[in-house]
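Model, not experiment: these values are computed from the prediction. All ligand and atom numbering here is 1-based and tracks the order in the structure.
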Amino acid sequence: MKVSTEQPKIIVVGSSSIDLVLSTEHLPKPNETVLAEKSESFFGGKGANQAVGAARLGADVSFVGCVGMDPFGQQIMRNLVDEGVDVSYVTETEDAATGSAFVTSSAGVNSIVVVPASNYCLKSSHVAEAERLFSSSDLLLIQLEIPMETVEFSVELARKNNVKIGVYASPPKKLSESVIEASTFIVAKSSELSIVFGEDQREDILRKYANKLFVRDDSNSTTYYNGSEMKYYRNDHDSVLHKMGMGDAFTSGFAVALCHGNPVDDCVQFGNDVSLKVTKNCGSQSGLPYLKDFSGE
Ligand SMILES: OC[C@H]1O[C@H](O)[C@H](O)[C@@H]1O
């Protein structure tokens with residue numbers, strides 16, 4: 001990836017949470033009780049993961065989010081500050097506890113239950129308070145763990161301010177035509193395309209959103225249509241410890257590469273490289289790589 005002299009300025013509007021990860025021999029079936037080998041907690045949430053991911057890759061990042069007035073909320077704020085993320089527009093709410101995610105992980109496969117809690121208290125009015133960030137930023141990153149109304153408001157604010165927009169369509173919800181149209185790029189999981197776009201044919205959807213839609217699957221591969229052919233990028237992932245947070249890592253890597261003015265193919269390749277690295281360490285955030293980790297690659 002080429003790195004320009006200008007430091008990218010990125011706003012992330014999204015979720016933050018504490019992830020409780022249980023490692024088990026196999027994932028529990030319905031009505032089954034299994035014993036966990038260990039339980040660990042990590043910082044997570046798709047928004048915070050992408051904010052930390054972009055900051056570690058050298059971007060100047062501001063996070064717009066909402067935490068509860070509890071110890072978890074305080075820990076999340078402190079962690080973001082330690083990671084160099086600006087938290088001036090993180091709201092602390094009395095109306096809900098800090099968001100959390102309960103993850104069962106076995107042999108690199110996981111199932112996740114997210115409790116949105118404070119993340120669903122992030123309203124358009126909070127984003128409106130952060131309007132000054134939009135006029136001075138290169139790119140907005142947004143995911144779908146916050147209310148859809150807030151997503152749509154943020155995208156519109158970014159569009160008005162000529163800020164590039166990257167949407168990670170996860171967890172999957174149907175995107176409105178205006179969000180799709182305004183987006184510079186959209187990242188979605190292959191298995192969730194029909195929910196996000198309301199259509200069934202993967203190839204037709206890819207062709208319709210040439211150079212805009214980047215489809216990921218579990219093998220850390222990314223496919224997109226460049227207007228004349230399908231492009232497919234795949235990284236080897238022989239020693240994957242877990243697969244949690246790969247989409248967030250890809251999205252932050254792609255976004256930073258794009259802000260540095262790289263061609264789309266290089267952005268995809270860099271996103272895949274970032275995504276592969278996050279699988280080598282525990283947690284979806286703690287294992288995110290730094291720019292220096294790519295020197296010499
Ligand atoms: O994308 C990974 C994230 O999804 C869930 O929201 C967890 O918080 C985890 O950190």
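Here is the list of ligand 1 atoms found below 4.0 Å of a heavy atom in Ser284: 9 (C), 10 (O). Residue Ser17 approaches ligand 1 through these ligand atoms, each under 4.0 Å from one of its heavy atoms: 8 (O). Atom numbering of ligand 1 starts at 1 in the shown order; those under 4.0 Å from a heavy atom of Ala101 are 7 (C), 8 (O). Distances below 4.0 Å separate heavy atoms of Gly44 from the following atoms of ligand 1: 8 (O), 10 (O). Of all atoms in ligand 1, numbered sequentially from 1 with element shown, those under 4.0 Å from a heavy atom of Asn49 are 2 (C), 3 (C), 9 (C), 10 (O).
Aromatic ring centres of Phe250 and Tyr168: separated by at least 6.0 Å. Aromatic rings from Phe214 and Phe254 are positioned such that their centres are separated by under 6.0 Å. The aromatic ring centres of Phe185 and Tyr224 sit 6.0 Å or more apart.
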Inset, instruction - Tell me, with the steps shown, if Ser39 and Val21 meet side chain to side chain contact (heavy atoms under 4.5 Å, CB included). - result: CA-CA 6 Å; Ser39 77; Val21 182; over 6 Å; no
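A salt bridge links Lys231 with Asp265: the closest approach of a Lys/Arg side-chain nitrogen to an acidic carboxylate oxygen falls below 4.0 angstrom.
When side chains are defined from C-beta on, Ser124 does not count as touching Val127, because their heavy atoms never get closer than 4.5 Å. Residues Gln269 and Met1 have side chains not in contact (no heavy-atom distance under 4.5 Å, counting atoms from C-beta outward).
In this structure, Gly247 falls outside the shell of residues with a heavy atom less than 4.0 angstrom from ligand 1.
With hydrogens left out, the protein atom closest to atom 2 (C) of ligand 1 is Asp248 OD2, 3.4 Å, a heavy atom. Distance from atom 4 (O) of ligand 1 to its nearest protein heavy atom, with residue and atom name: Lys46 NZ, 3.0 Å. Looking from atom 8 (O) of ligand 1 to the surrounding protein, the closest heavy atom is Asp19 OD1, 2.6 Å.
By the 6.0 Å and 45° rule, Lys212 does not stack over the aromatic ring of Tyr225.
Only the side chain of Glu145 comes within 4.0 Å of ligand 1, counting heavy atoms alone; its backbone N, CA, C and O stay farther away.
Remark: ligand 1 and Gly45 share an N or O pair separated by less than 3.5 Å (distance only, no angle test).
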